[in-house]
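Here is the structure we will look at.
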Amino acid sequence: MQADVSTVDRMIHPDNERRTVRLALPMQADVSTVDRMIHPDNERRMAQRMNPRKTIELAAGHASLASQPGLVTDFIEEAAAG
């Protein structure tokens, strides 16, 4: 699915425009501390590169939304509220 989304994304947005939009939007990040697909240290590095206004760490695996739905939902709602 990611390949399909990326292909469509490239057709719709030139790379420069896409990067500008992503950098201009306020971002938040969550790190899953017991993720066995992406090491938590790598998640922290990726989050740091995004320069998020807030980062949380969840005691969750790769599917944090499935295992910690309340915490993830609260985090998303907080971000949407500004």
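- With contacts defined as side-chain heavy-atom distances shorter than 4.5 Å, the pair I38/H62 qualifies.
- Side chain of S32 to backbone of G61: a donor-acceptor contact under 3.5 angstrom is found.
- Between E43 atom CD and L58 atom CG the span is 9.5 Å, to the nearest 0.5 Å.
- Shortest non-hydrogen contact noted between A79 and R53 is O-NH2, 3.0 Å.
- Listed by first and then second residue, the side-chain hydrogen bond (donor to acceptor under 3.5 Å, both in side chains) pairs involving residues 65-82 are K54-E78 (not counting sequence neighbours).
- Of the inter-residue distances, the one linking T33 atom OG1 with I56 atom CD1 reads 10.5 Å to the nearest 0.5 angstrom.
- We find the CZ-CD distance between R45 and Q48 to be 9.5 Å, quoted to the nearest 0.5 Å.
- Both F75 and L71 are part of a single hydrophobic cluster, where members link through side-chain heavy atoms under 4.5 Å apart.
- Within the structure, every pair that satisfies the salt bridge (charged side-chain N to carboxylate O under 4.0 Å, His left out) test and touches residues 55-68, not counting sequence neighbours, is listed here: R44-E57.
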